[in-house]
J.: 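One structure, as structure tokens, below. Some questions next.
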Amino acid sequence: LCLISSALLCACSEPLSSYQFVREGECGPDGVYVFHLPLSDSLAVYDVSLYSSAVNSKVENLEILSRWIAPDGESFSETVYMKQVGKKGSREIYRSAIKPGSRCGEWILSLKPVVERGRLSGMGVICSKETVEDGTR
């Protein structure tokens, strides 16, 4: 009985990673992809990776304008690059060991790839969570 209860509790826990993908035709008219990231555990660290795939030919040094909006409304922007996006898909780590601390909650990440429309199938974000108990990984 104890084993079954333990298994049920684990099955009901929050997943350790989430994956979101938005096809190019479903992004905003200005080419911006919007993702909602549940960085809700103040004691965890999160890794965020970007994913995309090219439609016809690979895209090298893909420039991406990104904007983060914290749960309290504060935001910051930066420009990042994916080294190469291939037809079979490419995944690159974007931010590692994010610690939301007192700003835990739902963050919004918007991405605008600087590339002509039709070159990418879309953009995706993979958010992985690792719980830490002593503040280290």
Side-chain angles (χ1 to χ4, degrees):
L1 182 61
C2 187
L3 181 61
I4 293 172
S5 297
S6 177
L8 288 175
L9 284 175
C10 290
C12 296
S13 66
E14 179 181 347
L16 294 178
S17 66
S18 65
Y19 175 78
Q20 301 172 51
F21 188 82
V22 177
R23 296 208 166 274
E24 185 183 83
E26 298 169 356
C27 73
D30 53 358
V32 175
Y33 297 82
V34 179
F35 303 94
H36 296 267
L37 305 178
L39 308 182
S40 56
D41 187 343
S42 63
L43 300 177
V45 293
Y46 297 86
D47 292 339
V48 176
S49 297
L50 302 180
Y51 175 84
S52 189
S53 61
V55 174
N56 292 319
S57 61
K58 67 182 175 184
V59 177
E60 294 190 28
N61 296 316
L62 175 62
E63 181 179 357
I64 302 170
L65 308 175
S66 70
R67 181 173 184 224
W68 289 85
I69 302 173
D72 62 8
E74 189 172 339
S75 68
F76 72 91
S77 301
E78 64 183 340
T79 301
V80 296
Y81 295 86
M82 287 184 75
K83 293 176 191 170
Q84 181 174 304
V85 178
K87 289 174 65 174
K88 293 185 179 181
S90 302
R91 174 182 176 173
E92 290 186 24
I93 190 77
Y94 170 36
R95 288 274 172 229
S96 181
I98 297 171
K99 298 176 186 176
S102 64
R103 295 175 124 187
C104 60
E106 184 175 272
W107 285 67
I108 298 172
L109 173 60
S110 61
L111 303 172
K112 179 175 176 51
V114 181
V115 65
E116 59 189 272
R117 298 291 292 248
R119 298 268 328 262
L120 302 175
S121 64
M123 291 289 305
V125 172
I126 301 163
C127 183
S128 302
K129 171 186 169 182
E130 185 172 335
T131 303
V132 293
E133 296 182 20
D134 62 355
T136 61
R137 285 187 112 177

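Sequence positions, counted from 1, serve as the residue numbers for this chain.
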J.: Roughly how far, to the nearest 0.5 Å, is NE2 of His36 from CD of Glu106?
T.: 5.5 Å
J.: May I ask you to decide if Gly118's main-chain N or O and Glu24's side chain share a donor-acceptor pair within less than 3.5 Å?
T.: yes
J.: Between Leu111 and Leu65, is there a side-chain heavy-atom distance shorter than 4.5 Å?
T.: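 A side-chain contact is absent here, since even the closest heavy-atom pair is not under 4.5 Å.
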J.: What distance separates Lys87 NZ from Asn56 CG, expressed to the nearest 0.5 Å?
T.: 6.5 Å
J.: Starting from Val22, can I reach Leu120 by hopping between I/L/V/M/F/W/Y residues whose side chains sit under 4.5 Å apart?
T.: yes
J.: In sequence, state the C-alpha distance, the side-chain angles, and the governing distance for Asp41 and Lys129, and then conclude on side-chain contact (heavy atoms from CB on, under 4.5 Å).
T.: CA-CA 9 Å; Asp41 187 343; Lys129 171 186 169 182; 3.3 Å; yes
J.: Which atom pair, heavy atoms only, marks the closest approach of Ser53 to Gly89?
T.: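 Closest approach of Ser53 to Gly89: CB-CA, 3.6 Å.
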J.: Is there a side-chain contact between Tyr94 and Val125, using heavy atoms and a 4.5 Å cut-off?
T.: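 Heavy-atom side-chain distance check fails, nothing below 4.5 Å.
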J.: Indicate yes or no: at least one non-hydrogen side-chain atom of Cys27 is less than 4.5 angstrom from one of Tyr33.
T.: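 Counting from C-beta outward, Cys27 and Tyr33 do come under 4.5 Å.
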J.: Side chain to side chain donor-acceptor pair (under 3.5 Å) for Ser96 and Tyr46? Distances and angles first, verdict last.
T.: CA-CA 7 Å; Ser96 181; Tyr46 297 86; over 6 Å; no
J.: Evaluate the criterion side-chain contact (heavy atoms from CB on, under 4.5 Å) for residue pair Ile108 and Arg67; output intermediate values, then yes/no.
T.: CA-CA 8 Å; Ile108 298 172; Arg67 181 173 184 224; over 6 Å; no
J.: Could you tell me whether the side chain of Val115 reaches within less than 4.5 Å of the side chain of Val85, counting heavy atoms only?
T.: no
J.: Is any NZ, NE, NH1 or NH2 atom of the basic residue among Asp30 and Lys112 found under 4.0 Å from an Asp or Glu carboxylate oxygen of the other?
T.: no
J.: Which atoms form the tightest heavy-atom contact between Gly122 and Ser52, and what is the distance?
T.: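 So the two residues come closest at O-OG, 2.7 Å.
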J.: On a heavy-atom basis, which atom in Val55 and which in Ser121 lie closest, and how many Å separate them?
T.: CG2-N, 3.7 Å
J.: For a 4.5 angstrom cut-off between non-hydrogen side-chain atoms, does Leu50 reach Met82?
T.: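 Sidechains of Met82 and Leu50: in contact.
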J.: Which atom pair, heavy atoms only, marks the closest approach of Cys127 to Leu39?
T.: SG-CD2, 3.7 Å
J.: Taking all non-hydrogen atoms of both residues into account, name the closest pair between Pro113 and Met123 and its distance.
T.: CG-CG, 4.1 Å
J.: Treating Glu92 as the side-chain partner and Ser49 as the backbone partner, does any N or O pair qualify as donor plus acceptor under 3.5 Å?
T.: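 Flag not set: sc Glu92 to bb Ser49 has no pair under 3.5 Å.
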J.: For Glu74, is there an ion pair with Arg103 - N to carboxylate O distance below 4.0 angstrom?
T.: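 Salt bridge flag = yes for Glu74 with Arg103.
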J.: Is a side-chain N or O of Arg119 found less than 3.5 angstrom from the main chain of Lys58, in a donor-acceptor match?
T.: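 Yes, the answer is positive, given that a donor and an acceptor are paired below the 3.5 Å cut-off.
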J.: Between the side chains of Arg95 and Asp47, is the shortest nitrogen-to-carboxylate-oxygen separation below 4.0 Å, so that they form an ion pair?
T.: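 No.
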J.: Check for a donor-acceptor pair, side chain of Ser40 on one end and backbone N or O of Cys104 on the other, with a separation under 3.5 Å.
T.: no
J.: Could you give the distance from OG (Ser128) to CD1 (Ile93), rounded to the nearest 0.5 Å?
T.: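 Nearest 0.5 Å value for the OG-CD1 distance: 7.5 Å.
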J.: Is the shortest heavy-atom distance from the side chain of Ile126 to the side chain of Val48 under 4.5 Å?
T.: no
J.: Count I, L, V, M, F, W, Y as connected when their side-chain heavy atoms are under 4.5 Å apart, and connections chain through other members. Are Val80 and Phe21 then in the same cluster?
T.: no
J.: Same cluster or not: are Ile69 and Phe35 linked, directly or through other Ile, Leu, Val, Met, Phe, Trp or Tyr residues, by side-chain heavy atoms under 4.5 angstrom apart?
T.: no
J.: Without swapping roles, check the side chain of Ser66 against the backbone of Glu78 for a donor-acceptor pair under 3.5 Å.
T.: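 Indeed, once roles are kept as given, a pair shorter than 3.5 Å links the two residues.
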J.: Is it possible for you to say whether Leu37 and Ile98 belong to one hydrophobic cluster, with membership spreading through side-chain heavy-atom contacts below 4.5 Å?
T.: yes
J.: Hey, what's the ring geometry for Phe76 with Trp68, parallel, tilted or perpendicular (30° and 60° as the breaks)?
T.: parallel
J.: Which pair of non-hydrogen atoms, one from Arg117 and one from Pro29, has the smallest distance, and what is that distance?
T.: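 Taking Arg117 first and Pro29 second, the nearest heavy atoms are NH1-O, 3.5 Å.
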